[in-house]
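Heads up, the thing below is written out as structure tokens.
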Amino acid sequence: MTFAVITFPGSNCDRDCHHALGAVLGYPVRAVFHKEHALGACDAVVIPGGFSYGDYLRAGALAKLSPIMPEVRRFAEAGGLVIGICNGFQILCEAGLLPGALIRNRSLRFVSREVMLRVENAHTAFTSQYEPAQVITVPIAHGEGCYVADDRTIEELEAEERVVFRYAGPRREDVPDGNPNGSRHAIAGIINARGNVLGLMPHPERVCDPLVGRTDGASVFRSMAAAVAGLRRADPPAVFVV
Amino acid sequence: MKARVYVTYKPGVLDPQGQTVCQFLQNHGQAKVRDVRIGKLIEFDLEDMPRAEAESLLTEVSSSLLANPVIETFRVEMP
């Protein structure tokens with residue numbers, strides 16, 4: 001299970017991803033610079049957080065035109081697993097690999113804190129190692145994390161159970177209080193229709209190393225590894241693909 | 001030749017920045033202000049070319065990059 005982690009100018013969570021995936025979870029990790037035209041041998045792609053191109057114009061708007069992005073698109077279209085975290089989520093939306101957009105937090109403030117997330121769909125390639133409706137604690141750090149899309153898209157996401165993570169309070173009814181940025185339906189993370197591309201604002205890679213006190217995020221990457229192993233065993237059907 | 005592209009949020013898309021400015025103005029005696037929406041103005045300096053060509057160039061860069069069609073619309077303006 002090899003992860004490719006892409007570095008854009010302004011990415012600042014790429015090293016965290018390398019540490020979490022490599023040193024902590026023990027997976028081989030490839031570093032791919034945005035100017036490269038090939039991903040190389042890998043089983044999954046990570047688009048990390050940060051401020052690619054200084055967030056100029058719109059967060060993720062310029063990164064979507066980087067030389068590596070056509071490769072990421074091809075990889076995703078071939079069914080490969082792609083995860084975009086924070087700025088990575090913004091880039092995937094800008095690139096059209098995920099629906100909707102991420103706009104300025106309703107509070108107009110950059111929010112950096114831990115949030116509780118409910119795993120709304122534990123039958124995806126990114127969440128199979130969580131329990132259904134499990135509540136996990138993961139940090140966020142973003143100024144543009146308010147997820148918006150038109151009514152039809154939101155209805156579709158809900159109907160197809162493609163809202164994978166939702167901001168939550170300790171109790172199920174606490175959702176509005178747990179919403180840190182004004183996202184529609186308190187959406188924190190979604191997958192594409194095929195189930196192989198995930199975007200989320202919270203940072204699972206920051207809660208993998210027991211040294212930082214929590215390991216709630218590790219199961220995202222373990223789920224991806226399990227999905228890839230499953231794909232290798234049975235090809236097709238892909239058991240974890242929704 | 002000079003040209004301008006205006007990028008604005010589509011109606012219905014939350015503009016917290018505009019709301020904040022609107023509320024500030026209303027709280028500071030500008031009771032006649034009903035709403036404020038904040039957008040972007042992008043100024044271009046282009047090589048001289050036929051107007052239609054400039055318009056199609058600006059439409060191309062606006063729809064592919066300057067505006068995100070999910071949340072924004074744009075308007076090209078040439079003097």
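Small disclaimer: the values here were computed from a predicted structure and weren't measured. Computation of the quantities below employed the complete heavy-atom set of this structure, encompassing side-chain atoms and omitting hydrogens, waters and symmetry-equivalent molecules. Numbered from 1 within each chain, the chains take letters A, B, ... in sequence-line order.
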Ignoring hydrogens, what is the shortest heavy-atom contact between B/Asn68 and A/Glu94? Give both atom names and the distance. ND2-OE2, 3.2 Å

For B/Ile71 and A/Ala101, the nearest pair of non-hydrogen atoms, with its separation, is CG2-CB, 3.8 Å

Could you tell me which non-hydrogen atom of A/Cys146 sits nearest to which non-hydrogen atom of B/Leu14, and how far apart they are? SG-CD2, 4.3 Å

Heavy-atom contact with chain B under 4.5 Å, split by part of A/Asp150: neither

Return yes when atom CZ of A/Phe33 has more than 12 non-hydrogen atoms of other residues, nucleotides or ligands closer than 6.0 Å, and no otherwise. yes

Is the number of heavy atoms from other residues, nucleotides or ligands under 6.0 Å of B/Arg37 CZ greater than 12? yes

Contact summary for B/Pro16 and A/Arg106, nearest pair of heavy atoms: CB-O, 3.5 Å

What do you reckon, is CZ of A/Phe110 surrounded by more than 12 foreign heavy atoms closer than 6.0 Å? yes

Can you tell me which portion of B/Gln19 sits under 4.5 Å from chain A's heavy atoms? Options are side chain, backbone, both or neither. neither

Heavy-atom cut-off 4.5 Å, strictly under: side chain, backbone, both or neither for B/Lys40 against chain A? side chain

Top contributor to chain A interface from B/Leu65, B/Ile42, B/Asp15 [non-hydrogen pairs under 4.5 Å]: B/Leu65

Please flag which part of B/Val7 lies under 4.5 Å from any non-hydrogen atom of chain A: side chain, backbone, both or neither. neither

Nearest heavy atoms of A/Leu108 and B/Thr20, plus distance in Å: CD1-OG1, 3.0 Å

